[in-house]
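Read the structure below first, then the notes.
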Amino acid sequence: MNIDELRDHLCGQYPDLCPLFSIEFGDGTLQVECRGLYDAAADLKSLGFDMLGMVTAVDRGEHFEMVYRLTSREMSVGMFLKCLVPRDKPHTRSLYDLWPAALWQEREVYDLFGIEFDGHPDLRRIMLPEDWVGHPLRKDYQDERIIKRPDYI
Amino acid sequence: MSLQIEEQRQTEGPDGRPRQELVVNVGPSHPSTHGVGRVVVHLDGEVITKADMIIGYLHRGIEKMCENRTYLQVVPLTDRLDYVGSMYSNWAYCRAVERLAAIRVPERAEYIRVIVAEMQRIASHMMSIGSAAADTAAATLFIYSFDERERIIELFEELCGARLTYNYVRPGGVAFDLPEGWTDSVLEFTKAHRKALDLMDRMYFGNVIARGRLKGVAVLGRDDAVAWGASGPVARGSGVDWDLRKHDSYSVYPRFDFNVPIGENGDAYDRARTRLLECYESCSIIEQAIEQMPTGPHKVEGQPRLIMPRAGDAYDHIESARGSLGVYIVADGSPRPYRVKFRSPAFCNLALVPKLAVGHTLSDLVVVLGSLDPVFGEVDR
Amino acid sequence: MDVRPQVSNEYSEGIAGVVERWKSLATGLSITLGRAMGPHKTLSYPAEKLPMTARWRGSLHLNGILGHDEIEVVRSQAPEYNGIIAGLYAEERLAPCVGNCPANVDARGQNYYMADDRPVEAYELVRERNIMPGVLGRICHHPCENACRRNYYDEPLAIRPLHRMAYEAYQENKPALSPMPVTQDKSVAIIGSGPSGLAAAFDLMRLGYKVTMYEKEAKPGGALYSGVPSYRLPREVLHGEIDDLVALGLELHCGVEIGVDVPIDHLMGEFDAVLIAVGLQVSRLLPIPGTDADGVRGALEFLRESNWKGDAGVKGLRVMVIGGGNVAVDVARCALRVGASEVRLACLEASEEMPCHPWEIEEALDEGVIAMCGQGPEKVLEQDGKVVGMQLRECLSVFDESGRFSPKFGDEYTTVDCDVVVFSIGQAPLLADLVGGSDLMLTDRGLLPVDGEVMTTDVPGVFASGEVVTGPGSAIASIASGHEAAISIDRYLQGHDLFEGRVARPVPVYDRYQVATVEGVEESRRRVPMPMARPEERATDFRQVELGMTHLEALNEAARCLRCQTGVCVGCTFCARTCPDYAISVDRIDDPGERKVTHYDLDLTKCCFCGLCAEQCPTDALRHTGQYELSFYQRDLMIFDRDEMLRDPAGTRSTGRDGIHPGDSGGEA
Amino acid sequence: MSGFVGGLVWGLAGGMLIALATVFGVWWERKVAGRIHMRIGPQTTGPAGLLQVPADTLKMILKEDITPAQVDVRVFRLAPHIVFVPVAMSLTVIPFASGFAPLNTSIGMLFFLAVPSLSVIGMLLAGWSSRNTYATIGGLRAAAQMISYELPRTLSVLSVVVLAGSMRPLEVMEAWRPWWILANAIGFLVYFISSIAEVNSIPFDLPQAESELVAGYFADYSGIRWGIFMMTEYGAVVAASLFGAAVFLGGWRWLPGAFGVVLFIALTLLLITAIIFVKWTFPRMRSDQLMTTAWKILTPMALVQLVIVGVIVPWM
Amino acid sequence: MAIVDRVGSALEHGPGRVVLSSLDALFDWARSHSQWVMPMGTACCAMEMIASFPFTKFDSDRHGVIPQADPRHADVMVVAGTITRKMQPAVIRLYEQMPDPKWVIAMGNCTVSGGIFYYDTYSVVRGVDEFLPVDVYIAGCPPRPEAVQDALMQLREKIRQESIGPNTRHVRKLTLPGPGESRASVEPSEPGEVG
């Protein structure tokens with residue numbers, strides 16, 4: 001499977017994707033709803049994306065944006081898989097059973113963002129002590145221990 | 001997990017009879033955890049039945065800090081991420097910023113970056129081979145490999161003025177040009193380094209006791225390595241033929257010819273030996289790079305003081321000594337990044353410890369940790 | 001010989017394997033034994049200490065600080081001036097503004113004096129190099145501001161307006177001017193009172209020569225008087241400053257045309273040296289059909305008439321100006337002021353490549369001039385001897401790839417009807433009658449053969465300077481060539497060889513920075529805006545366009561100067577802004593006469609030794625020392641205050657304040 | 001000298017000899033290890049660092065002697081002495097000069113090999129009583145290792161006894177012949193390796209594995225109590241080297257009179273340096289490697305040596 | 001330690017003072033020349049601390065400084081690297097396990113004041129002296145190995161001033177010069193005044 005077949009396949013499957021979807025330079029992005037995340041991931045895995053590079057989240061104000069970075073070794077190309085997660089009671093499906101690499105990365109996202117992952121074997125804090133309150137990487141995280149660097153550039 | 005843990009636990013053994021397990025806490029400060037990792041190990045006699053890796057003891061919240069610093073001020077922070085290899089940590093971040101702000105780096109800067117990153121890879125491998133050997137009590141090999149690392153540190157000190165936190169690779173090029181006669185001393189180093197590598201090879205990897213300790217320990221299959229997201233020598237030790245410099249080539253690497261050493265049976269011995277063989281390759285890359293290096297500016301002309309890239313996101317990764325070190329930056333047009341995520345190879349490799357440590361003895365646990373070569377600045381960020 | 005890895009991964013089988021195993025133990029021991037026999041590589045620390053490499057980033061120190069150290073000012077006689085500038089540039093102590101100015105005016109020194117409310121000294125310092133700060137403060141194209149390092153941070157210094165403010169303050173409390181003492185018996189005659197002549201005269205008078213200047217026009221000033229319109233340069237300012245020079249001992253004879261009233265041979269005989277600084281008198285016309293029609297004018301004559309008589313005979317007519325340089329823009333704006341009903345300007349280059357200065361064309365467009373860029377003159381349409389229109393041809397590109405002037409024309413023509421066509425595409429000197437009868441020879445194109453570097457003509461004792469040598473250029477460039485001529489004359493009169501030991505003016509190269517965007521920059525760092533008269537009001541008469549700053553604004557603007565490359569910290573706070581750990585806190589007092597950096601605290605416990613601050617410090621004051629022994633007993637000693645930052649950078653220990661002796665290691669070796 | 005007083009005097013002398021050995025041994029090891037690592041080793045305290053170890057010992061005496069709360073106090077305090085005394089006793093049977101051995105017993109050879117194995121009990125007690133997981137594991141490993149290395153060590157010395165025909169060290173030394181070195185070569189090698197194991201030096205230092213169990217069975221000891229463990233270790237090294245030099249390499253038999261004793265001291269020093277080199281060159285064995293070397297390699301070699309000595313030599 | 005303390009307090013009053021000062025000289029010499037270090041390395045400073053202990057180029061074994069992984073056997077704890085809130089209880093526990101007399105060296109800016117991680121972090125302890133009594137601070141990020149050896153020698157100076165007598169310190173009269181004046185002048189001190 002080379003890159004063009006991949007493109008046609010994806011364009012066929014996700015119609016709104018087609019106009020400006022480029023994969024060569026490694027910044028191709030596939031945006032899906034939260035519900036369809038697991039199926040899209042499984043589909044991509046079957047297409048040849050056998051390595052899950054990165055799992056992270058970005059606090060976009062009124063919702064979180066989950067960003068997955070998938071790499072295919074035989075096509076030697078990388079791709080983004082993104083989905084939006086609502087801010088109140090954020091939860092999404094864990095990709096552990098597709099790629100075990102997601103085990104610790106999802107724990108880290110849970111620890112720093114507070115996004116629950118259903119189906120994750122042991123979802124607990126990984127970076128912060130057990131008794132930590134709050135999720136620091138959220139933009140609205142209040143903590144009296146943080147001393148803000150003055151806005152002086 | 002608080003520090004206090006109970007010493008013994010009652011569990012049923014595989015045949016259902018109650019069995020008493022010894023719970024040992026290889027604590028955050030331990031000579032062979034390569035930093036501040038902690039493993040709570042359940043021992044049946046000396047055989048490990050369950051290992052739970054606890055990290056986060058060096059979690060300084062660097063990603064939160066990056067959100068309140070300008071793009072140039074984040075570079076010193078990346079030094080403190082993978083402090084055994086800060087040169088290529090800088091480079092990974094700078095590549096992501098350059099991709100985001102569409103900065104074209106001059107030829108000479110790309111060559112200098114390759115030379116410096118390869119030297120840093122050798123220094124990092126020397127550290128990891130040495131400390132893994134020190135875990136099996138071969139302290140002399142640690143001292144010889146650290147001496148090699150010291151030669152590189154002296155070269156870096158002459159190049160950019162710092163021993164460990166260089167802040168040398170900047171978005172748009174490198175901070176200063178190479179000093180006079182620096183490349184000759186680097187060439188001398190690579191010649192002497194090959195001899196030292198051969199010496200270390202014969203002294204440690206040839207040794208029967210060392211082979212007894214390393215072979216067959218923590219065997220990682222090929223598809224397990226890929227599924228668990230392992231990268232770098234850990235994955236290549238198990239036969240996964242994936243090196244970003246070769247297979248997802250970036251910068252000026254396509255112009256050099258070097259081969260990528262691959263292990264066969266994916267045990268601690270193969271991983272350590274792959275690191276050593278990679279040092280040979282790095283030496284030849286450095287020599288080729290110095291040969292082909294053009295003259296010209298070492299950083300892009302007309303660089304604004306405050307880099308303000310367009311809103312959007314960019315991801316770029318390089319082949320660090322531990323694997324594929326990726327940086328994902330989201331920008332919102334202000335001089336400060338909106339979100340920075342460091343994809344740390346050591347973090348993903350370390351996730352293998354609970355899987356690999358089971359079934360081995362306690363003295364093998366340190367070999368497992370040593371072969372995965374974690375640097376906790378990068379693991380905990 | 002490339003050492004390849006020889007160790008095989010597996011032992012061989014059976015007895016050979018056993019032998020290999022025992023051999024591996026033996027090789028291990030032999031390696032360590034070999035290393036044990038070898039020399040040790042240890043640095044016995046307190047006795048012998050490693051010399052730090054040049055770039056080692058130790059603890060920071062300040063080379064000097066405002067209020068504690070003086071800023072060096074560049075003052076000297078003309079012959080040594082280039083040497084000093086070249087020396088400063090070699091030691092990287094030459095500020096970009098001083099380096100980029102053709103005459104190397106010490107703008108940094110002027111800002112320093114202005115900030116300390118000493119405008120008279122500022123004026124005198126600047127006058128030494130650009131002779132007429134008041135004039136240059138209005139018309140110079142300020143290359144210094146383009147090189148100012150503040151471009152990189154926010155906005156450049158307003159150096160040119162500060163010249164003007166120095167002039168105005170100087171006029172208020174002007175000291176009595178007495179002629180300079182004449183110490184040399186030799187005398188010099190200078191033909192032409194343009195900027196280059198005046199510059200050479202001033203230098204030679206300071207060297208003690210007797211200088212006599214001849215001007216053929218009624219009033220001195222040369223191109224400044226005839227070419228530059230008075231809305232940019234009021235006449236009283238020009239003649240005021242020239243009168244100051246006369247008061248300083250310059251003997252000026254106006255209305256005397258050399259070559260006509262007085263033959264040049266007479267001058268050569270009477271004076272020891274003669275300097276021809278007559279500038280360019282005649283504007284060139286294009287050899288296109290229709291240039292002999294009535295209504296076709298040259299730029300210089302048009303400017304002379306509009307400047308002197310206030311009326312160039314174009315009242316109510318439509319004027320078409322051909323050419324894109326500064327002179328063309330001046331012609332267009334004068335045409336508006338002398339009552340032209342409509343003024344158009346046609347130039348070959350595209351709008352952003354025009355040779356004139358960007359702010360000039362902007363002011364002209366504001367005042368109503370219509371610019372037609374990328375149009376080349378084809379031919380003048382005439383009807384019974386009078387101009388009725390102009391045919392223009394589209395011009396695709398002006399320079400070929402190697403940069404030579406060879407315009408390529410498209411095939412699309414436009415015709416514009418107008419009554420007067422003024423050609424401003426070049427000027428030429430008028431030397432025929434000047435050199436008539438002397439043994440000075442002219443080239444076939446009517447130019448003087450002059451050695452551009454030492455300004456000598458083929459006749460010994462006769463020199464030339466200004467636009468007659470360099471061709472059309474800026475006023476400050478003429479002044480620079482005037483200084484060079486003065487040096488040559490002085491060497492000639494002293495009998496030294498013209499070339500031996502002469503330092504040419506260095507053309508410095510600085511890191512090119514991208515101009516910073518200014519949104520989000522707080523008010524105190526912004527440049528003081530120069531108030532301009534309203535466009536529609538100023539287009540009608542010849543009153544001054546730039547209205548000038550108040551005295552207080554001038555002081556604030558001068559305070560913004562970063563004093564580049566002096567090694568004295570001025571408290572510009574850019575190191576504190578760049579520092580990732582916010583480890584530096586700076587504050588200073590800015591009121592005039594009492595300019596001091598009061599606090600400069602470096603919190604050594606927060607500094608991450610990344611070197612970003614020292615790299616971008618504009619004055620090279622903040623530097624890394626070779627000191628790496630930073631051990632303290634108490635934590636509050638680790639915050640270096642202002643005096644601690646001014647400590648001696650030598651040695652390896654940063655501070656001896658808590659009982660640890662600098663230099664020694666505490667315990668005995 | 002009557003039995004009890006003699007034993008007391010010679011016991012004290014053995015203790016003093018161990019103290020002296022420690023002072024010199026530690027300095028010598030740090031110097032040799034330094035040279036192996038291309039560095040200098042102790043230098044600034046006293047001439048060439050000679051006063052370094054006295055300073056360390058004095059400092060250790062002044063250290064606070066912590067007895068952790070959860071510890072079985074009496075056993076905890078007793079353990080170091082149980083470890084120290086056997087090694088001191090084993091020194092008394094070594095034939096220092098011709099005709100002079102402090103304790104000239106007829107079963108000297110067996111005494112030297114048997115008594116130090118008592119210190120295993122001390123290690124086990126130390127490990128168990130400090131109720132700390134690391135210490136316990138260290139103690140258990142010590143027990144396993146000591147026992148399994150008793151056998152090859154004894155067998156190798158047995159081959160010398162067979163040659164000499166007597167168990168009294170002085171007689172063995174009298175009967176010593178230069179060609180014995182050749183005959184007993186394998187035996188000496190086995191003795192050397194197994195005595196490194198007895199001494200818990202690097203290839204075999206599982207009980208106090210520095211990088212795994214942090215400090216093995218003496219993890220919770222501090223101050224001079226821990227110092228006693230250190231002295232025992234160096235004492236054992238010196239004892240093993242003395243005995244090896246005497247019995248296997250002929251010691252003072254080469255040269256008559258005082259020179260012989262000097263040569264004997266030199267040979268001991270050579271053996272100590274060899275142990276130090278082995279310590280700083282090789283990695284540590286895993287417990288299963290430890291067992292296989294003991295039972296599958298050293299014991300067969302010792303048996304082969306016995307066969308050589310027992311069968312071939314008399315046949316020749 | 002208890003016996004030594006009793007001897008010290010007994011000797012303090014009356015003629016015993018001369019014996020006390022000579023005993024102090026001996027004991028302080030022993031303690032200052034054999035500083036066994038507990039390497040509490042967490043981050044980049046640990047790399048430089050490893051380089052400064054018994055390694056080829058910067059050999060601190062020359063000054064009698066050996067790294068001891070077990071807190072029970074160490075005298076000086078060199079805290080090197082960022083101490084986070086999660087690591088703090090471990091550091092306190094290790095410090096308490098160390099036998100008296102013990103000292104602490106804070107190596108690197110992160111341990112002195114949180115250094116580069118002072119602002120915008122939620123999990124870094126801003127300075128080890130919040131929970132440990134620090135004797136010598138070393139600035140630097142990371143400090144050079146020579147700076148670590150220099151700090152150990154400054155600690156020697158400090159140890160030299162201690163005495164086994166409970167309230168005696170041989171504090172050398174250190175006149176701290178103001179900025180710009182001549183550096184500290186040190187006169188020999190007599191035992192007895194409390195430092």
Side-chain angles (χ1 to χ4, degrees), chain C residues 3 5-53 628-631 633 651-653 656 659-669, chain D residues 28-49 51-52 55 59 185-186 188-190 192-194 196-197 201-204 269-286 289-290 292-294 296-301 304:
Chain C
V3 178
Q6 287 114 14
V7 176
S8 69
N9 273 349
E10 292 303 336
Y11 286 123
S12 36
E13 295 317 318
I15 296 298
V18 172
V19 169
E20 275 170 20
R21 287 180 172 76
W22 287 95
K23 217 154 70 61
S24 72
L25 297 179
T27 44
L29 281 174
S30 64
I31 288 173
T32 34
L33 194 63
R35 280 291 174 98
M37 292 304 153
H40 73 76
K41 299 189 201 169
T42 314
L43 172 84
S44 46
Y45 163 62
E48 48 185 59
K49 290 185 177 173
L50 269 181
M52 286 297 110
T53 58
Y628 51 83
E629 287 163 349
L630 311 166
S631 37
Y633 290 142
T652 55
R653 182 174 305 288
I660 310 172
H661 297 257
D664 96 17
S665 63
E668 80 281 9
Chain D
W28 177 250
E29 186 198 339
R30 282 169 71 172
K31 272 291 182 188
V32 168
R35 267 290 176 258
I36 290 177
H37 299 158
M38 302 180 283
R39 53 186 172 87
I40 301 171
Q43 183 190 31
T44 53
T45 20
L51 293 181
Q52 179 60 53
K59 179 214 72 178
I186 301 175
F188 174 65
L189 189 64
V190 170
F192 181 70
I193 292 174
S194 49
I196 292 179
S201 183
I202 280 287
F204 306 94
L269 193 61
L270 185 75
L271 276 182
I272 292 175
T273 317
I275 291 177
I276 291 171
F277 262 93
V278 165
K279 172 173 185 177
W280 287 104
T281 308
F282 296 122
R284 177 183 306 120
M285 288 193 173
R286 210 180 22 240
Q289 267 178 308
L290 194 78
T292 43
T293 10
K296 289 192 186 138
I297 297 175
L298 291 185
T299 313
M301 280 169 68
V304 163

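Hydrogens, waters and symmetry mates are skipped; everything else that's a heavy atom, side chains included, is used. Labels below follow one simple rule: chain letters A, B, ... track the order of the sequence lines, proteins then strands, and each chain is numbered from 1.
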Nearest 0.5 Å, please: how far is CH2 in C/Trp22 from CD1 in D/Ile297? 6.5 Å
Heavy-atom cut-off 4.5 Å, strictly under: side chain, backbone, both or neither for D/Val278 against chain C? both
C/Glu48, CD atom: more than 12 neighbouring heavy atoms under 6.0 Å: yes
Proximal component of D/Phe282, with respect to chain C [non-hydrogen, under 4.5 Å]: side chain
Please say whether more than 12 non-hydrogen atoms of neighbouring residues, nucleotides or ligands are located less than 6.0 Å from NZ in C/Lys23. no
Rounded to the nearest 0.5 Å, what separation is found between the CZ atom of C/Arg35 and the NE2 atom of D/His37? 11.0 Å
To the nearest 0.5 Å, tell me how far D/Ile36 CD1 sits from C/Ile31 CD1. 12.5 Å
Hey, which of C/Thr27, C/Thr32, C/Leu25, C/Leu33 is the one that makes side-chain contact (heavy atoms from CB on, under 4.5 Å) with D/Thr281? C/Thr32
What heavy-atom pair brings D/Met38 and C/Pro39 nearest, and what distance separates the two atoms? CB-O, 4.3 Å
